[in-house]
Protein chains: 2
Amino acid sequence: MDSTKPALDRIDHRILAELQNNARLSNKELAAIVGLAPSSCLARVQKLVRDGVLAGFHAEVDPAAVGIGIQALVFVRMARHQPRDMQAYWDHLLELPEVLDLYYVAGSHDLVVHVGVRDVDHLRELVAEPISDFEHLGQIETSLIFQHHRSAVLPNYAPEPEPAKATRSGSKPPRKTRRKATEP
Amino acid sequence: MDSTKPALDRIDHRILAELQNNARLSNKELAAIVGLAPSSCLARVQKLVRDGVLAGFHAEVDPAAVGIGIQALVFVRMARHQPRDMQAYWDHLLELPEVLDLYYVAGSHDLVVHVGVRDVDHLRELVAEPISDFEHLGQIETSLIFQHHRSAVLPNYAPEPEPAKATRSGSKPPRKTRRKATEP
DNA sequence: TGTCCATGCGAATTCAATTTGGTGGAATTT
DNA sequence: AAATTCCACCAAATTGAATTCGCATGGACA
């Protein structure tokens, strides 16, 4: 049925969690954390990237360091909801560098725009011009953000299919180093 | 005056931009991009981390892979705005794994809560129980998210103080490899 | 003009990433 | 049930990067 759903096991989820917390973990460290050999761990990470489960790796930077003095949410209600118009306005907003997040939602607002600007003047200009500059707009309401928190890691609601490889007897029966083929 | 503001130069901002796009860039690659020797580049990155400008490195994972089927914005209006109550409710929300973003804003809403849940039942339970379970709450409105976009990199409004090291004559007068101290 | 400081470089060392060939267990086939 | 296939894993080896270090350069300041 679902060709795109090999389902992630416990170790995969562990890898995702660790990399969400710290994307700079070296493969060796990650392998040690999840209890795998570096080579096996690397193979899993590469697979997760190939499958699009790991969609990117981003540094988090202090907004103040790039001159963002204030942030705001702008709630926009459209006067018309033609898909054509919505899409055009959506694309328009995405081109604004000030737009950090863009939500298209059901309910009494249509769009919620999270913006980061230099100062109040910048905010006023942004809302007055590029954001309001569109046909078929209804109400616009701007709310200053006092505080914002973003969780770094997503919850995990996925059922784990298998013990992924239950190390049944104790912890690690270290395999006897076998090497005979290339040996005098 | 400002002991914590050595101001970032052009190269620093370039580093920030690149790492926001791809936090897994190797130091060597990054150095090549920004036009620095690996050792110099590493020193800058380490400094940016020490100074808190680089606040973290996070993997971005596909919500579907962890079982998040739907996302929503929950708009909450408080009945009372006592700082004590606000803070308690804020902390309460932060403990919910479903909460992905939390905004405390001025305006007609007080809190905007971005949640990721398994399905509609999960959403109903979340809003009915943990989110509504607090005194002094006013209106609550839940809006399904149809589409969400997050920009990976912040804009840069910071003025660049100095050419960081203007290579005035041409590009790279390759320094004559000096090594005399340890030479016959 | 001389000194200090910040920043950069290259070479050397240390350590990690990646490749490869082989192993064992579990599931599947005979 | 025995044989076979397949898959994920591991260890070792190689390649290549991260990190350290001593020194050089150029601007700021006196």
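Any value given below was found using the heavy atoms of this structure, including those in side chains, with hydrogens, waters and symmetry copies removed. Below, chain A is the first sequence line, B the second, and so on; all start at residue 1.
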Quick one: which protein N/O atoms are closer than 3.5 Å to N/O atoms of nucleotides 12-16 of chain C? Pair and distance per line, please.
from   : atom 1 : to    : atom 2 : distance (Å)
C/dA16 : OP2    : A/K28 : NZ     : 2.6

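- The nearest whole Å value for the distance from the CD atom in B/Q46 to the P atom in D/dA18 is 12 Å.
- Listed nucleotides C/dC9, D/dT19, C/dT19 differ in distance to A/L42; the shortest reach to its side chain belongs to C/dT19.
- Between the CG atom of B/L8 and the P atom of C/dT7 there is a distance of 12 Å, given to the nearest Å.
- When the shell of 6.0 Å around CZ of A/R24 is examined, it contains 12 or fewer heavy atoms from other residues, nucleotides or ligands.
- Between B/M78 and B/L137, some side-chain heavy-atom pair lies under the 4.5 Å cut-off.
- Between B/L54 and A/A59, the shortest heavy-atom contact is CD2-CB, 3.7 Å.
- Between B/H122 and A/Y157, the angle of the ring planes goes over 60°, which puts this pair in the perpendicular group of the 30/60° scheme.
- Recorded end-axis angle for the helix from C/dT1-D/dA30 to C/dT30-D/dA1 stands at 30°, based on five pairs per end and rounded to 10 degrees.
- In this structure, A/Q82 places its CD atom where more than 12 heavy-atom neighbours from other residues, nucleotides or ligands lie under 6.0 Å away.
- For A/T142 (side chain) and A/V74 (main-chain N/O), no donor-acceptor pair under 3.5 Å exists by modelled atom type.
- Minimum heavy-atom separation, B/S108 to A/E141: OG-OE2, 2.6 Å.
- To the nearest angstrom, P of C/dC9 lies 8 Å from CD1 of B/I11.
- Residues A/H109 and B/H109 place their aromatic rings such that the two centres sit under 6.0 Å apart.
- Here the nucleotide nearest the side chain of A/R44, chosen from D/dT19, C/dG8, D/dA8, is D/dA8.
- Across the protein-nucleic acid pair, A/L36 atom CG and C/dT18 atom P stand 16 Å apart, rounded to whole Å.
- Between the C1' atom of D/dA17 and the CZ atom of B/R24 lies a distance of 15 Å, rounded to the nearest Å.
- Straight-line distance from the CG atom of A/D9 to the C1' atom of D/dA8: 10 Å, rounded to whole Å.
- When each of B/H149, B/Q147, B/R150 is tested with A/Y103 by the rule side-chain contact (heavy atoms from CB on, under 4.5 Å), just one qualifies, namely B/R150.
- Rounding to whole angstrom units, CD1 of residue A/I15 and P of D/dA8 are separated by 13 Å.
- Of the candidates C/dT20, D/dT20, C/dG10, C/dT20 carries the atom nearest the A/S39 side chain, counting heavy atoms from C-beta on.
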